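All heavy atoms count here, side chains included; hydrogens, waters and symmetry mates do not. Please read all numbers here as calculations on a predicted model, not as lab measurements.
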Protein chains: 2
Amino acid sequence: MVDIDSGSGSSAPRKRADARRNEETLLDAAAAAFITSGVDVPVRDIAAKAGVGVGTIYRHFPTRADLIVAVYRHQVEACAEAGPTLLANGSTPHAALARWINLFVDFLVTKRGLAEALQSDDAAFETLHAYFLSRLVPVCARLLDAAATAGEIRPDMDAYELLRGVGNLCIGADNNPRYDARRMVELVIAGLRLH
Amino acid sequence: MVDIDSGSGSSAPRKRADARRNEETLLDAAAAAFITSGVDVPVRDIAAKAGVGVGTIYRHFPTRADLIVAVYRHQVEACAEAGPTLLANGSTPHAALARWINLFVDFLVTKRGLAEALQSDDAAFETLHAYFLSRLVPVCARLLDAAATAGEIRPDMDAYELLRGVGNLCIGADNNPRYDARRMVELVIAGLRLH
DNA sequence: TGGTTAGCGGAACAAGGCTCCGTTTGCTCA
DNA sequence: TGAGCAAACGGAGCCTTGTTCCGCTAACCA
């Protein structure tokens, strides 16, 4: 909410009022559309729901990835910030890692189509990749490092690879009663463990 | 190869010679196109490569899944048949399971886009799902069962879920040097183990 | 060899992404 | 305050890709 561009600083010359209003409206419409139809809902649908033309969407969010990032930014930030907290408060580093991964999984499986988009190699999702990785890989790396240092897990696990694998496991996790991504992810976490 | 419809029996009234020829040509063209452009290469491209009209493709293979199944049938059969063999010849059931899963992974990661298609919930891939599952789930179940009976792995793993998870892990495994599906799958197999 | 019809090709339609440009409207400054 | 200007808007329209449909061609059979 709030403060899309109040020009906290620098050169950006503060957008026109209607532009700011539209951006807000679009975010709301997109968030709603993502819930009902998944993150690859047709652009036209979002535009219609927001009561704007498609051109307006492309002006504010050049790629679908930009729109997705804008919609989910807060939740991703929250997830990223939870990492250090869990590490500080939790019992063992391995438990903190497990809990953090669960947060990530819960986030992904409740967003229709997001896990798919995250793994897509379509150039349009470049930004999405970049944002998620830049925000989450360092957090995951720190958790892995702590657990490895404590001797709880094998020391050779790469954070990028783990996140990517976990993301993959979340694909199709909604709408399929016979497949539980959480259970598979638990298996991976268990497999990390030294014994 | 060969013997697309030599009418080994029953009612089907033996297709015309040109139809059989075209089916053969299409399979070759599709196999080649899948390699160079992945399994979601445009239908027009396959038609052009085969020198036929798009209508001809749809007549022989109503959905893309039918074409994919036809192209990879032999390899899937081989994988399915390897299961019992590994179980009979291998050292322990867990080792046989691990080796069989590796076969499956090797198959998937060398087919651009196949793992994605396999998890897609698009109705057009229904047949693909059905075929892979009907062929591989029983094999996997038998391997799991043997390993569980031997007390090597937890007894509550579902074959469908495991295959689905492994399939998911293979998504995007080509073309990404930082992600190794085999390593992630090994983690899962390790996680299955009792200790 | 001629009639029947399976099978063929590709035009045409639908759906969705993305661009481009004529029009509208918020903002600034005299 | 209102005239001028550029930012922003809307949506027609183009492109790609999937899918259908139908007039034509040529295998097959008697």
Side-chain angles (χ1 to χ4, degrees), chain A residues 4-7 11-27 29-30 33-34 36-68 113 116-117 120-128, chain B residues 4-7 11-27 29-30 33-34 36-68 113 116-117 120-128:
Chain A
I4 296 282
D5 181 349
S6 45
S11 47
R14 186 185 173 84
K15 280 196 263 187
R16 255 167 56 172
D18 55 347
R20 266 172 294 144
R21 211 181 318 125
N22 272 328
E23 194 161 323
E24 201 67 36
T25 310
L26 272 173
L27 278 177
F34 287 173
T36 58
S37 315
V39 297
D40 35 38
V41 57
V43 176
R44 280 164 173 65
D45 289 5
I46 304 177
K49 191 173 301 221
V52 304
V54 289
T56 301
I57 293 196
Y58 283 102
R59 198 167 314 106
H60 289 284
F61 306 99
T63 71
R64 182 178 294 272
D66 295 312
L67 188 50
I68 298 177
E116 286 84 338
S120 159
D121 56 355
D122 185 333
F125 289 110
E126 189 58 43
T127 322
L128 189 65
Chain B
I4 294 283
D5 181 350
S6 45
S11 48
R14 186 186 174 80
K15 280 196 265 187
R16 254 167 54 172
D18 55 347
R20 265 173 295 143
R21 212 180 318 123
N22 272 328
E23 194 163 324
E24 202 65 38
T25 311
L26 271 173
L27 278 177
F34 287 174
T36 57
S37 315
V39 296
D40 34 39
V41 57
V43 178
R44 279 163 175 67
D45 290 5
I46 304 177
K49 191 172 301 219
V52 304
V54 289
T56 302
I57 292 196
Y58 282 100
R59 197 167 315 104
H60 289 284
F61 307 99
T63 71
R64 183 178 294 272
D66 295 312
L67 188 51
I68 297 176
E116 287 85 337
S120 159
D121 56 354
D122 185 333
F125 290 110
E126 190 58 42
T127 322
L128 190 65

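Side-chain contact between A/Ile68 and A/Phe125: present, with at least one pair of heavy atoms (C-beta onward) separated by less than 4.5 Å. B/Arg64 is not listed as a side-chain neighbour of B/Leu128, based on a closest heavy-atom distance of 4.5 Å or more. Counting only heavy atoms from C-beta outward, the side chains of A/Arg44 and A/Val54 approach each other to under 4.5 Å. Side-chain contact between A/Phe61 and A/Ile46 is absent, with no heavy-atom pair separated by less than 4.5 Å. When side chains are defined from C-beta on, A/Arg21 does not count as touching A/Lys15, because their heavy atoms never get closer than 4.5 Å.
Comparing D/dA8, D/dT19, C/dC8 by their nearest atom to the side chain of A/Ala19 picks out D/dA8. Closest approach to the B/Ala17 side chain among C/dG17, C/dC27, D/dA27 is made by D/dA27 (side chain taken as heavy atoms from C-beta onward).
Axis orientation changes by 0° from one end of the helix from C/dT1-D/dA30 to C/dA30-D/dT1 to the other, with each end axis drawn from 5 pairs and the value rounded to 10°.
In this structure, the CD1 atom of A/Ile57 is 11 Å from the P atom of C/dC18, given to the nearest Å. Here C/dT5 presents its P atom at 17 Å from CZ of B/Arg59, a figure rounded to the nearest Å. Atom P of nucleotide D/dA7 and atom CZ of A/Arg21 are separated by 18 Å, given to the nearest angstrom. Put simply, CZ on B/Phe61 is 11 Å from P on C/dC8, counting in whole angstrom units. Here C/dG17 presents its P atom at 12 Å from CG of A/Leu67, a figure rounded to the nearest Å. With rounding to whole Å, A/Tyr58 atom OH is found 18 Å from C/dC21 atom P. Here C/dG7 presents its P atom at 14 Å from CG of B/Leu26, a figure rounded to the nearest Å. Remark: C1' of D/dA8 and CZ of A/Arg20 are 13 Å apart, rounded to the nearest angstrom.
With hydrogens and angles left out, the side-chain atoms of B/Asn22 and B/Thr25 include no donor and acceptor closer than 3.5 Å.
Note on B/Arg44: a base of the nucleic acid sits closer than 4.0 angstrom, heavy atoms only.
Within the structure, a side-chain polar atom (N or O) of A/His60 is placed less than 4.0 Å from OP1 or OP2 of D/dC9. The phosphate of C/dC8 (OP1 or OP2) has a side-chain N or O of B/Asn22 nearer than 4.0 angstrom.
Residues from residues 49-56 of chain B placing a heavy atom under 4.0 Å of any atom in DNA chain D, listed by number, are B/Val54.
To the nearest 0.5 Å, the span separating OH on A/Tyr58 from CG on A/Asp66 amounts to 11.5 Å. Here the straight-line distance linking atom CD of B/Glu126 with atom OG1 of B/Thr63 works out to 9.5 Å at 0.5 Å rounding.
Between the side chain of A/Arg16 and the base of D/dA8, no donor-acceptor pair of N or O atoms lies under 3.5 Å.
For the pair A/Lys49 and A/Thr36, the tightest heavy-atom approach, listed with the atom from each and the gap, is NZ-OG1, 4.1 Å.
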